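So the structure is just underneath, and the comments pick up after that.
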Protein chains: 2
Amino acid sequence: MRTRIKELRARYDMTQEDLAKKVGVRRETIGFLEKGKYNPSLKLAYKVANTLETTIDELFIFEDSDLEQ
Amino acid sequence: MRTRIKELRARYDMTQEDLAKKVGVRRETIGFLEKGKYNPSLKLAYKVANTLETTIDELFIFEDSDLEQ
DNA sequence: AACAAATGTTAGATATAGATAACATAGTAA
DNA sequence: TTACTATGTTATCTATATCTAACATTTGTT
């Protein structure tokens, strides 16, 4: 799974910390998300998408390999 | 947050167990999701949406109150 | 009625998301 | 150079999603 968080965040000229504050999580959490280091909860995914004025399906891109297991 | 899982599952004439097997989780997990008893991971949300041939944003409906905290 | 299938619900265990704090690294500006 | 800001990364901790197993309740069918 990859994400367009970094791309959209840059478009809004926000730092990881700016986004984290708006979303209500830690800066590291945003960093890990951008790196694909974990699989967020749906609620967090929604909050990030909402903050970046997009949808979950636009923000997170799944690939076939994500369906395995 | 509410979900249309039950509605779509009925449309495909699937039991909770049928859906659970396709998605790779337990029947209870689907039951709890339908009841809004917890907040799934993005990956699980995607798998359920994919199995029901819809998108995450169509399947899970957020309300303003979901943004609090 | 009685039986079966689907769903509800609970309790305890395990895996992992996310918090926290700390330190490292890269870039930029004085 | 120093200093600062943004990001990377690690380790430990806590909260919670999900598993597992069991039993209860509902609903349909005979």
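Worth saying up front: this structure is predicted, and the values here are computed from it rather than measured. Residue numbers start from 1 in every chain, and the chains themselves are labelled A, B, ... in the order their sequence lines are given, proteins ahead of strands.
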So, B/Thr51 side chain and B/Lys47 main chain: donor-acceptor pair closer than 3.5 Å or not? yes
Answer yes or no: is there a donor N or O on one side and an acceptor on the other, between the side chain of B/Asp13 and the main chain of B/Ala10, under 3.5 Å? no
Let me check something: do A/Leu44 and B/Ile61 share a hydrophobic cluster, defined by ILVMFWY side-chain heavy atoms less than 4.5 Å apart, either directly or through other members? no
Any side-chain N or O of A/Ser41 under 4.0 Å from OP1/OP2 of D/dA17? no
Between B/Asn39 and B/Arg9, which has a closest nucleotide on DNA chain C that is more 5'? B/Arg9
Rounded to the nearest angstrom, tell me the gap between atom CE in A/Met14 and atom C1' in D/dT7. 15 Å
Using a 4.0 Å heavy-atom cut-off, does A/Glu28 contact any base of the nucleic acid, only the sugar-phosphate backbone, or nothing at all? base
Separation of B/Arg26 atom CZ from C/dA13 atom P, in whole Å? 16 Å
For B/Glu34 and D/dT18, what is the distance between atoms CD and P respectively, to the nearest whole Å? 14 Å
Give a yes or no on whether the backbone of A/Glu34 and the side-chain of A/Thr3 come within a donor-acceptor separation of less than 3.5 Å. no
Helical bend (five base pairs per end, nearest 10°) for the helix from C/dA1-D/dT30 to C/dA30-D/dT1: 40°
Is A/Arg9 reaching over with its side chain to a backbone N or O of A/Met14, donor-acceptor style, under 3.5 angstrom? yes
Rounded off to whole Å, could you give me the CG-to-C1' distance for the A/Leu19 and D/dT7 pair? 14 Å
To the nearest Å, how far apart are A/Lys43 NZ and D/dT16 C1'? 12 Å
Distance check needed: C/dG8 P versus B/Tyr38 OH, whole Å only. 13 Å
For a 4.5 angstrom cut-off between non-hydrogen side-chain atoms, does B/Tyr46 reach A/Asp66? no
Nearest-Å distance, NZ (A/Lys37) to P (C/dT16)? 16 Å
Using the closest heavy atom to pick a nucleotide of DNA chain D for each, name whichever of B/Arg27 or B/Phe32 lands nearer the 5' end. B/Phe32
Looking at A/Asp18 and A/Thr15, would you say the former's side chain and the latter's main chain have a donor-acceptor pair under 3.5 Å? yes
What is the distance, to the nearest angstrom, from the CD atom on A/Gln16 to the P atom on C/dT25? 18 Å
